[in-house]
Amino acid sequence: MALQLYDSLRREQVDFEPRDPGKASLYVCGPTVQDKPHVGHGRASVVFDVLRRWLTWSGYEVTHVTNVTDVDDKIILKAQLTGTTPAMVATENLRAFNQASDALGLLPVHVQPMATGHLFEMQDMISRLIDKEMAYERDGNVLFRVRTLEDYGKLSRRDVDDMRGSEDIIGAESKDDPIDFAMWKAAKPGEPSWPSPWGDGRPGWHIECAAMAGKHLGPGFDIHGGGLDLVFPHHENEIAQFEAAEDAPFARYWVHNGMLRMGEDKMSKSIGNVIGIVDAVETWGRGPLRLWYLSAHHRSPLTYDTDRLVEASAAFDRLATLVRTVRTLGVDPVPLDRDDVPAVAAPHVDRFTVAMDDDLNATAAVSVLHDAVTVAHEHVRAAETGDDEARTAAAVLAGMVVTLADDVLGLGLGAAVERDDAVGDRFGALVEHLIGERTAARDDRDFARADAIRDQLAAAGVVVEDRPNGSRWYLSDPAAPVAEDT
RNA sequence: GGCGGGGUAGCCAAGUGGUAAGGCAGGGGACUGCAAAUCCUCUAUCACGGGUUCGAUUCCCGUCCCCGCCUCCA
């Protein structure tokens, strides 16, 4: 059993067979840098980050490209409203986007092409379409002649005869056909523009992805991803332009992520319910946030809701607790080697693999992790009464959980626990001293003093728990607020 | 109106032609000086009505309801 993906174009789940054996190419539509990224962008980022991580785990050499749209109407408008330049708006928000990506623990993409850096490639593609008479110039604009493509609409399953057309750049009456869309837009006063065979202007949105995916990954690359809301017109038009210009298939698989909702409402600036990615990471922590992102199938809608983030935090703590508990046994979790899976871990790894291979069923995969945690805790119980074999099993299972959670799901579980070590290096002696005093008090059955010390430590953010083999401590998570917060 | 996706326990959410994972919350028990953590345990006629079938939550038809896209959007 190997990876299967649901392909939006074929409308069914199909085997993943890459263009080049052993390699996987991934193009994901990135942001238009008009504003700071919000948690909706984060969902798409995380979904495809997990896909990329799973492909890598599965042995593929992955090339991950995510573009940046750094020139468009909204960026220009934003610049006009704030009295700055489109380039400054784009640069500032691109920086915010990359900062948010780091906070989310996204693996850096291999190529981050920008529209303004690919004017030549876009103009070249447009020229070839004009030569083929599949595009035409009108008042400095260039439009794609939709009806010249027999299979236009195959991705979004739209019939050209049912389409109304839009006035994206010039009035419908000025077009040969109202449904033709702009590939090159003639310059308007005060707007950024570049020279072209058709006069100064700037590229249309859809042409950039067609040109850049083609340039960086080549015809027939493997996976094209993006939000479900991009299916039409964006992706439909990408396919149209690319396949018309190149006479070659564009992408082998189309993967789309579902939209994010804010309670009953759609996340929308006008409602004022936009949550920034960096804010969300600071509030909830990377692990809980990503666990929440993965709490629904990637094609299903997902709702941003405080209660659900609290649940995700609790679920994440359950994973972290196992790691901490295992370490109190005097052993460290043993990282999982995918090429040499220990027998105790094998059934879980197999189930995890089946789940992920099944169109990236991360929700089921997470449940496998939870099952493994339960089994590991059973081993911990036995280990605490001196069963060395059980101790080893617990360490192996905990390591498996950490490796899968971090390498594949990107939760940052190991890092969350390492933070305790970092603090321990500086203040550990102090904490240990207090715990020693508390232990002495408990031995004297002076529970009032023992509880006072525990309360004191708790006030400082140090949680003390008594285990059969002694007391342990760890930091309460600052990124796990109470339910009523926010 | 067109296209598409859904309705599974208090909540979130997988999944299967042979009575349904996991998490969170809650009840009970074990453990603990008390906690915490952990383990065990309890809680679902799978929207409604038909049909196919030995048997459907899972397939088909219909009904009701929800959501997304059809204009910019991850």
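Each chain gets a letter, A, B and so on, in the order its sequence line appears, and its residues count up from 1.
- Using a 4.0 Å cut-off, some side-chain N or O of His41(A) falls inside it from OP1 or OP2 of A74(B).
- For Arg454(A) against A35(B), a side-chain-to-base donor-acceptor contact under 3.5 Å is present.
- Between Arg467(A) and U38(B), a side-chain N or O to OP1/OP2 separation shorter than 4.0 Å is absent.
- At least one side-chain nitrogen or oxygen of Arg318(A) sits closer than 4.0 Å to the OP1 or OP2 atom of C39(B).
- Following rounding to the nearest Å, His297(A) (NE2) and C12(B) (P) show an atom-to-atom distance of 19 Å.
- Looking only at distances, a side-chain donor or acceptor of His41(A) sits under 3.5 Å from a matching main-chain atom of His38(A).
- For Asp466(A) and C34(B), a side-chain-to-base donor-acceptor distance below 3.5 Å is present, hydrogens and geometry of angles not being considered.
- Remark: Leu289(A) CG to Tyr304(A) OH distance equals 7.0 Å, nearest 0.5 Å.
- Rounded to whole Å, the distance from CG on Asn469(A) to C1' on U38(B) is 13 Å.
- Annotation: G23(B) and U41(B) have their P atoms spaced 12 Å apart (nearest Å).
- Taking the six-membered ring for Trp and the full ring otherwise, His206(A) and Phe181(A) have centroids separated by under 6.0 Å.
- In this structure, Val366(A) and Arg299(A) both approach RNA chain B, and ranking their closest nucleotides by distance from the 5' end singles out Arg299(A).
- Nearest-nucleotide assignment on RNA chain B puts the 5′-proximal partner with Leu302(A), out of Leu302(A) and Val375(A).
- Using a 4.0 Å heavy-atom cutoff across all strands shown, Arg449(A) reaches no nucleic acid atom at all.
- For Lys74(A), the listed nucleotide lying nearest its side chain is C72(B); candidates were G4(B), C72(B), U38(B).
- Atoms NE2 (His377(A)) and P (A36(B)) sit 16 Å apart, rounded to a whole Å.
- Side-chain atoms of Ala315(A) lie closest to G23(B) of the nucleotides C39(B), G4(B), G23(B).
- In this structure, OG1 in Thr32(A) is found 10.5 Å from CZ in Phe97(A), a value given to the nearest 0.5 Å.
- Note: CD (Gln112(A)) to P (A74(B)) measures 14 Å, nearest angstrom.
- Among the nucleotides C40(B), G33(B), A13(B), the one closest to the side chain of Ala296(A) is A13(B).
- Here G68(B) presents its C1' atom at 7 Å from CG of Leu228(A), a figure rounded to the nearest Å.
- Scanning atom types as modelled, no donor and acceptor separated by under 3.5 angstrom connect the side chain of Asp229(A) and the base of G68(B).
- A donor N or O paired with an acceptor N or O is found under 3.5 Å between the base of A21(B) and the side-chain atoms of Ser367(A).
- Separating the CG atom of Asp307(A) from the P atom of C12(B) is a distance of 10 Å, rounded to the nearest angstrom.
- For the pair Arg261(A) CZ and A13(B) P, the interatomic distance rounds to 9 Å; values are reported in whole Å.
- Using modelled atom types, one side-chain atom of Arg53(A) and one backbone atom of Asp406(A) make a donor-acceptor pair closer than 3.5 Å.
- In a base pair of the Watson-Crick type (N1 to N3 plus N6-O4 or O6-N4) or a G-U wobble (N1-O2 and O6-N3), with each distance short of 3.5 Å, A9(B) is matched with no nucleotide.
- The phosphate of C39(B) (OP1 or OP2) has a side-chain N or O of Thr374(A) nearer than 4.0 angstrom.
- Between Leu329(A) and Asn469(A), the closest side-chain pair of non-hydrogen atoms falls below 4.5 Å.
- Across every strand in view, C69(B) sits in a pair with G2(B) that passes the Watson-Crick or G-U test at under 3.5 angstrom.
- Between the CZ atom of Arg381(A) and the P atom of U38(B) there is a distance of 11 Å, rounded to whole Å.
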